[in-house]
Number of protein chains: 2
Amino acid sequence: MAEKVTIATVARHARVSRQTVSNVINAPHIVRPETRQRVQDAIVTLGYRANQAARQMRTGRSRLIAVRIEPTRDGINGSVLDRFLHGLTETAEASGYRVMLYTAADDEREITAYGDLLSTYDLDGFVITGTDHGDPRTAWLAEREIPFVTFGRPWDHPQAHSWVDVDGAAGTAEATGHLIAAGHRHVGFLGWPAGSGVGDDRRAGWRRALLGAGVDPDGLDTGTEDGIAEGARTTRELLGRATPPTALVCASDSLALGALQTLRGAGTTLPVIGFDDTPVAAAIGLSSVSQPLGDAAARCVDLLTDLLDGPHRDPRQVLLRPALVLRHLA
Amino acid sequence: MAEKVTIATVARHARVSRQTVSNVINAPHIVRPETRQRVQDAIVTLGYRANQAARQMRTGRSRLIAVRIEPTRDGINGSVLDRFLHGLTETAEASGYRVMLYTAADDEREITAYGDLLSTYDLDGFVITGTDHGDPRTAWLAEREIPFVTFGRPWDHPQAHSWVDVDGAAGTAEATGHLIAAGHRHVGFLGWPAGSGVGDDRRAGWRRALLGAGVDPDGLDTGTEDGIAEGARTTRELLGRATPPTALVCASDSLALGALQTLRGAGTTLPVIGFDDTPVAAAIGLSSVSQPLGDAAARCVDLLTDLLDGPHRDPRQVLLRPALVLRHLA
DNA sequence: TCCAGCAACTTGAACGATCCAATCCTGCCT
DNA sequence: AGGCAGGATTGGATCGTTCAAGTTGCTGGA
C-alpha cells in the first residue's frame, strides 16, 4: 500500500512549492519550461493524481455530470438509453468529466432531486432526455442558471437553451422517399396522437415526402398510443380504408412490430419501416430509421463542456440526421 | 440566489457548536433529544445539506459506487445492463450512495481505470459484471482490499468474494421441465461452446432435467458462439440428426431467434424457449427465462454496503432464481 | 547608481466537514 | 455543601487543493 501522494509530495520531490505544482497542472504557461519539466517528471515518477474532493472544495466544481436513468418503460426502447449513456460516458471521460446516475419517479420529483444533487455533490451540469412542451425541469434549471443540455428539442422555444436532437422528420421523409422510389404511392403512416413534439415531427416528414410526390396524405394517416397491440389494431383499421396503403412508415419499432403481426395474420406482405433501429428490428430484419446515438451523446457533452468551461457562451443547437437502415423486410 | 448554508450556519441558527450539528447528523444518539430537535429544525429551515466534498476529504469516503458501462455488443442484450443499472441506481440512492459510470475498452484497461477512479475520486467500491474464469480484475481488487461485488459467480473459487448471480441451471431446468411436462422427450439444447461458466451452467440445468426424466441428452446437445445466424445454422444441423428434437431450450434469446428463423423457413413449428427475456422475446412472443435484474441489482448494493459500512464482514453470496416467462411460442 | 517593472516562484489563508482532546454542565452521592 | 462521575458541548487541528498576496532576482531606462 503506497503512501498517499499529495501535491506536497510532488513539490518536495521536484524542489518547488505546492503552488508551482498546481500551476504546472492548471496553468502550465506561467511556469518556466525546465521547472515545468522537472515537476512533470516528479508527477509521473510518484504517480501523483489530483484529489478531486480537495479540488472541488476549493473551486466548487466537481467535474461531474448527472444523467437520469429511467425505468425501462415498455422495454423495447431500453437499449436506446443504454447506447446513449455509453456514448455520454465515453466522451465525458475524454473531456475529464464523469457521469453520475440518478433516478426519479416523475418530473416533479426529478426537480427535487436536482436540489439534492447540486447542494451535496456540487454537480456541474445535467443532461436531460426526453423533453416535451413546456417542460418544468428546463425552466427550473434555467431560472437558477444551472448548466444543462437536453437531448430533444424544446418545441416551444427553439433557441431557449443548448440542445442536441435527431431530425425525425428527415428520417421519416427518407423512409417514405425510399418507398416512393420503389414504386409505392399510398404510403401509410402509423403515428402517435397529435400534440407530442417528437410524434408531430415524425409525421411531418412523412407528409412532406408524400406531398412532394404529389400524393394526398390525408386518408393514410393514423394516430395511436405507442405499443405493439396498438400498432396491430391500427394497421387493421388502415387496411380497411377506402384506399389502403401499399407500404407503411411507423413512428416507432413497436408500432411497426404490431403492423407486421397484423400483416402476417392477414397473409399479406407490405414493406414496413420502423423508427429507432432497436435490437428487435435488427433481430427480425425490420428496416428502421436509426438515430446516431453515439454522436448525439458526444455532442451533448461538447455543448455542456462549452457551457462549463467557456465564459457564458450563448446556447447552441445541434440537429443530427438519422440514417435509414434497410433490411429484408422493406 | 441563497447564501451557502454550511454546518456553521446551522450551528449559529440553533445556538450550538458545529460539532453538535455534526453529531446530530452522524451520531444522533449522543445528543440530548431537545437539542437534537432544535438542530434538526434548523437544518430543515435553512435547507442545509452536507457538502460531500468536504466530508469526503476528511473521511476519505465518497459514497460513490462505480459501474462499468460496456459498449452494447450484439445489441440484443443491451437492455439487460440497462435494467440492472436502473435497479442499482435506485437501491444505491436509498442507502445514500450514488452510481458513477466508467468505460473501458477491455479488461486490461479496466484495471488501469480502477487506479484512476480510486485515486482521484476516492471511490468506495465497484460492481463488476460479467466475470469469467480467473478474472484478473477481481484479483487486482482483492489484492488491494478494495470493496467490490460481482454480478456473476467466480466459477473457480465459489466463496472468494461477495457476489450475486442468477441460477442459470435452475432456469434451463425449469424450461426443460416445462417442455417435458407438455409431453416432449427429445428436448434439444442450443448452447455455447463448453468452457464458459455461464454457458456450462445453463447446459447443466438442461442435462439434469432430461436425465431426471430418463432421457439421454447426448445426441441433443450443441455448442456454438452466440448470435442469430449461429442459432439458425445450429438448428438446421440439429434437425438433421438421427433423433431430431421436438422442442428446444436455448442459452440465449439470440440463439432462440435463430432457431425460430430456421423453423419458419422449414415450415415446421417446435416449442422454443430462450434465455434472458429480452425485449425482443417479449415483442415476438417468445417464451424465455427471465433474470430478476432489479432484485439482483438491489442485492449487489446490499452486499457492497455491507462491506463498506460493516467492519470487515465475511464475503456473502446470493443466488437468485430466474422465472420462466411463458408466451404463445412455447 | 537607483529603482520601476516584470517574471518566476513562495507563503499564508481559505474551502466545509470531521476528529480529537479538553472543558463545561448536570445530577447524584456522601 | 462539596465532590465526583459521566455525558454533552466546545475549540482547535486537519484533509489536499487553489486563491491572493507576498518575495526574490533580474533587466533596463534615466
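Note that the structure is a prediction, hence the values are computed from the model and not measured. Note that these values count all heavy atoms, side chains included, but never hydrogens, waters or copies made by symmetry. Every chain is numbered from 1 and lettered A, B, ... according to where its sequence line falls, protein lines coming before strand lines.
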Ignoring hydrogens and angles, tell me if any N or O in the side chain of A/Arg153 forms a donor-acceptor pair with the backbone of A/Val166 under 3.5 Å.
yes
Treating B/Gln56 as the side-chain partner and B/Asn51 as the backbone partner, does any N or O pair qualify as donor plus acceptor under 3.5 Å?
no
For the pair made of CZ in B/Arg36 and C1' in D/dT9, what is the distance, rounded to whole Å?
15 Å
Would you say the side chain of A/Arg18 and the base of C/dG12 hold a donor-acceptor pair, judged only by whether the two atoms sit under 3.5 Å apart?
yes
List the steps and the verdict of side chain to side chain donor-acceptor pair (under 3.5 Å) for A/Ser162 and A/Gln317.
CA-CA 5 Å; A/Ser162 286; A/Gln317 290 83 30; 5.4 Å; no
To the nearest angstrom, the CG-P distance between B/Asn23 and C/dC19 comes to 9 Å
Ignoring hydrogens and geometry beyond distance, is a side-chain donor-acceptor pair present between B/Thr103 and A/Glu93 at under 3.5 Å?
yes
Atom-to-atom span, CD of A/Gln19 to P of D/dT17 - whole angstrom:
12 Å
Scan residues 99-118 of chain A for pairs that pass ring-ring contact (aromatic ring centres under 6.0 Å, His included), counting only residues two or more places apart or in two chains.
A/Tyr114-A/Phe126, A/Tyr114-A/Trp140
Is there any protein nitrogen or oxygen under 3.5 Å from a nitrogen or oxygen in nucleotides 24-26 of chain C, and what are the pairs?
none

Mind calculating the distance between CD1 (B/Ile7) and P (C/dC19) to the nearest angstrom?
11 Å
In whole angstroms, the gap separating C1' of D/dA20 from CD1 of A/Ile30 amounts to 13 Å
Any donor and acceptor pair, going by atom type alone, linking the side chain of B/Ser62 with main-chain N or O of B/Asp122 inside 3.5 Å?
yes
When the distance from CZ of A/Arg55 to P of D/dC19 is rounded to whole Å, what number comes out?
10 Å
Using OP1 and OP2 only, check whether a side-chain N or O of A/Ser22 sits under 4.0 Å from D/dC19.
no
Ionic contact status for A/Arg63 with A/Asp124, cut-off 4.0 Å:
no
It should be established whether B/Arg32 places a side-chain nitrogen or oxygen under 4.0 Å from OP1 or OP2 of nucleotide D/dT9.
yes
Applying a 4.0 Å non-hydrogen cut-off, can you work out what B/Thr6 is touching in the nucleic acid: base, sugar-phosphate, or nothing?
sugar-phosphate
Would you please confirm or rule out a distance under 4.0 Å between OP1 or OP2 of C/dT10 and any side-chain N or O of A/Ser17?
yes
Whole angstrom value for the distance that separates P of C/dA17 from OH of A/Tyr121:
14 Å
Taking 4.0 angstrom as the limit, do B/Arg36 and B/Asp41 come out as a salt bridge?
no
Could you check B/Ala54 against B/Arg15 and say which one's nearest nucleotide on DNA chain D is further toward the 5' end?
B/Arg15
By the 4.0 Å heavy-atom rule, please label A/Ala50 as base, sugar-phosphate, or nothing.
sugar-phosphate
Looking only at side-chain N and O atoms, does A/Thr35 come under 4.0 Å of OP1 or OP2 in C/dC9?
yes
So, with a heavy-atom separation below 4.0 Å from DNA chain D, the residues of residues 57-65 of chain A are A/Met57, A/Arg58, A/Thr59
Between atom CG in B/Asp122 and atom P in D/dG16, what is the gap in whole Å?
9 Å
Main-chain N/O of A/Val16 paired to A/Thr20 side chain as donor or acceptor, under 3.5 Å:
no
Begin from the C-alpha positions of B/Thr129 and B/Glu70 and carry the test side chain to side chain donor-acceptor pair (under 3.5 Å) through to its verdict.
CA-CA 10 Å; B/Thr129 59; B/Glu70 303 172 66; 3.3 Å; yes
Identify whether any heavy atom of A/Asn26 sits under 4.0 Å from a base atom; if not, whether one sits that close to sugar-phosphate; answer base, sugar-phosphate or nothing.
sugar-phosphate
Among C/dA17, C/dC9, D/dT9, the one nearest any side-chain atom of A/Thr20 is C/dC9
